[in-house]
Amino acid sequence: MKKFMDWLANSFAPKAKQLTQKPSVAGLSSAMQKLIPFIMTGSIVFFYNVFRSYIPQLPDLGNISNYSFGMIGMIAAFMVANQYMEKFKHPNYSITAGIVSVCVLMMTLHPVGAKEGVYDMGRVGPTGILIGVIVGAVVSVIFHYFSKLHLLQNSELPDFVVEWINNIIPIFLSLALWSTMIFALKIDVFEVIINLFEPIQSFGQSLPGLILLVLIPAFFYSMGISTWLWSAIQNPIFIAGIAANALALKNGDVGMNIVTNETVYSLGLIMMGGTGATLTLNLLMCFSKAKKLKTLGRICIGPSLFNINEPIVFSTPVVMNPILMMPMWINSITGSCVVWFAMRGGLLNIPQELMQVAQIPAPISSVMILQDFRAVLWYVLLFAMYLITWYPFFKVYEKEVLADEVKEEQAAEELSAPVEAV
């Protein structure tokens, strides 16, 4: 174990951090983070609609959701190209590339064989987020490599003319590429991409898919690598899942997709206190015999109740701590399994509408999202399970911290003791 931990700390973790800093990874991760305000705007409307179902006289705010979360695919296209240009050090192209990506996405809204001027606006919604990401990435590649040509860099032409030319060419190339595929070759790019990624979406909605989508970020988080790195992989699966559920509900049916952001994060069941279910660890610390752990536990308990666990993970520390990393991984697996079988077995409702309210304490958020009071019982069960998991590992770590505190006190006493005269 010691050799494995040394390898993680000294070899794997530094390389993984370098990977997250590469423009190709950092740009996509940054773009996914910038989508969150638009997703949250839609969540607020869905949350509001819970009250509206009881008070029909309240105004309809559906258009606010339709033109924020409902256009998340188009927003993704812009943000991906925009952030890639920023990360690849082409800030002069950041706006232009983003707009071109939106233009290209509009091309994909025209189904092959449809009449001129007919657009499937459903393609700019949650289903289109994957298309938006790919469109933005391809446009970014064209702009990036064109910029390397440094065309007319030493030209005697006026600067504004040079700037026009250096924008016109990559714009033309980007639009020409997609136009050729969509209009000349009659390829329905949207359908092709969706079909190619269908196996990934299907796997993502399985129990192994749920476990991996929870465990992998937790594994890397325990080494100090932010879970935001994985949002580019998680979000398309999560958003497509909840969008399908919401559509089924609208049509009078019940959505069956379990793997959504609501299930993984917002319910506070799998992520009780944050990634790795650290709330019970925090509570154990609050009553620890070790002064350091007790102090940290009481400082961090507030954020933990709101499912924010960066303070506890980095200050305890859980990060790169072989004793405390293991229960974080175990909880990611067991929590996912319990929630999956509870929902699949009909013992707990499956989220039917977008409602990303991860910072509302559970089980309040759990009942609010699922409209199912059985969530309280599952919260209590999972709380006990996580507590049992953390307890033996915590006691081992507490023993080490207590031993260190005793040594520190002895050293302090020796320093403060009067020196005998010779």
Side-chain angles (χ1 to χ4, degrees), residues 15-36 38 71-109 123-124 128-155 157-185 187 189-190 192-193 196-197 200 225-226 228-236:
K15 290 179 181 177
K17 286 183 178 179
Q18 289 178 3
L19 175 65
T20 63
Q21 294 169 357
K22 289 183 177 294
S24 55
V25 177
L28 188 56
S29 179
S30 178
M32 291 299 104
Q33 292 182 44
K34 291 185 179 296
L35 295 183
I36 291 177
F38 297 93
M71 302 188 74
I72 199 70
M74 185 176 293
I75 297 167
F78 177 88
M79 288 299 182
V80 168
N82 177 272
Q83 289 305 296
Y84 269 141
M85 291 298 94
E86 292 286 347
K87 300 302 180 183
F88 278 103
K89 310 296 184 187
H90 307 308
N92 55 313
Y93 282 142
S94 60
I95 300 298
T96 305
I99 293 173
V100 171
S101 296
V102 171
C103 296
V104 170
L105 189 71
M106 291 298 293
M107 291 185 189
T108 69
L109 302 186
R123 295 185 173 194
V124 299
I129 188 172
L130 179 62
I131 315 301
V133 169
I134 292 174
V135 164
V138 172
V139 170
S140 298
V141 169
I142 293 172
F143 273 81
H144 173 62
Y145 282 103
F146 176 78
S147 68
K148 288 181 173 294
L149 299 177
H150 302 293
L151 193 66
L152 302 177
Q153 187 174 29
N154 299 316
S155 172
L157 293 171
D159 291 343
F160 71 91
V161 175
V162 172
E163 183 179 354
W164 284 353
I165 295 172
N166 281 326
N167 276 275
I168 290 171
I169 295 175
I171 291 172
F172 180 86
L173 292 174
S174 298
L175 296 177
L177 170 65
W178 292 94
S179 179
T180 300
M181 287 192 294
I182 295 169
F183 298 109
L185 300 178
I187 298 173
V189 174
F190 185 94
V192 169
I193 293 175
L196 285 175
F197 282 84
I200 297 175
I225 299 170
S226 174
W228 285 113
L229 170 66
W230 306 100
S231 60
I233 297 172
Q234 291 176 322
N235 280 353

If only atom types and distance count, is the side chain of [X] paired as donor or acceptor with the main-chain N or O of [Y] below 3.5 Å?
X: Thr108; Y: Leu105; value: yes
X: Asn166; Y: Val162; value: yes
X: Tyr84; Y: Pro23; value: no

Of the non-hydrogen atoms in [X] and [Y], which two are nearest, and what is the gap between them?
X: Ser101; Y: Ala77; answer: CB-O, 3.3 Å
X: Ser30; Y: Gln83; answer: OG-OE1, 2.7 Å
X: Phe78; Y: Val102; answer: CB-CG2, 3.8 Å
X: Leu175; Y: Cys103; answer: CD2-CB, 4.1 Å
X: Pro170; Y: Ser174; answer: O-OG, 2.8 Å
X: Lys87; Y: Gly27; answer: CG-CA, 3.5 Å

Considering residues at least two apart in sequence or located in another chain, which fulfil the ring-ring contact (aromatic ring centres under 6.0 Å, His included) criterion with Tyr93?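 Here the qualifying residues are Phe143.
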Hits for ring-ring contact (aromatic ring centres under 6.0 Å, His included) against His144, two or more places apart or cross-chain, chain-then-number order -> Phe88, His90
Min side-chain heavy-atom separation [X]-[Y] under 4.5 Å:
X: Pro91; Y: Met85; answer: no
X: Tyr145; Y: Leu173; answer: no
X: Leu35; Y: Ile129; answer: yes
X: Ile182; Y: Ile187; answer: no

Between [atom1] of [X] and [atom2] of [Y], what distance do you get to the nearest 0.5 Å?
X: Met79; Y: Ser94; atom1: CE; atom2: OG; value: 11.0 Å
X: Ile131; Y: Leu109; atom1: CD1; atom2: CG; value: 10.5 Å
X: Leu130; Y: Ile200; atom1: CG; atom2: CD1; value: 8.0 Å
X: Leu149; Y: Ile169; atom1: CG; atom2: CD1; value: 8.5 Å
X: Ile134; Y: Phe197; atom1: CD1; atom2: CZ; value: 4.0 Å
X: Ile171; Y: Trp164; atom1: CD1; atom2: CH2; value: 12.5 Å

Take Leu177 and Val138 through the side chain to side chain contact (heavy atoms under 4.5 Å, CB included) test and state the conclusion after the steps. CA-CA 10 Å; Leu177 170 65; Val138 172; 4.0 Å; yes
Under the side-chain contact (heavy atoms from CB on, under 4.5 Å) rule, collect the residues that match up with Phe183, sequence neighbours excluded. Met107, His110, Ser179
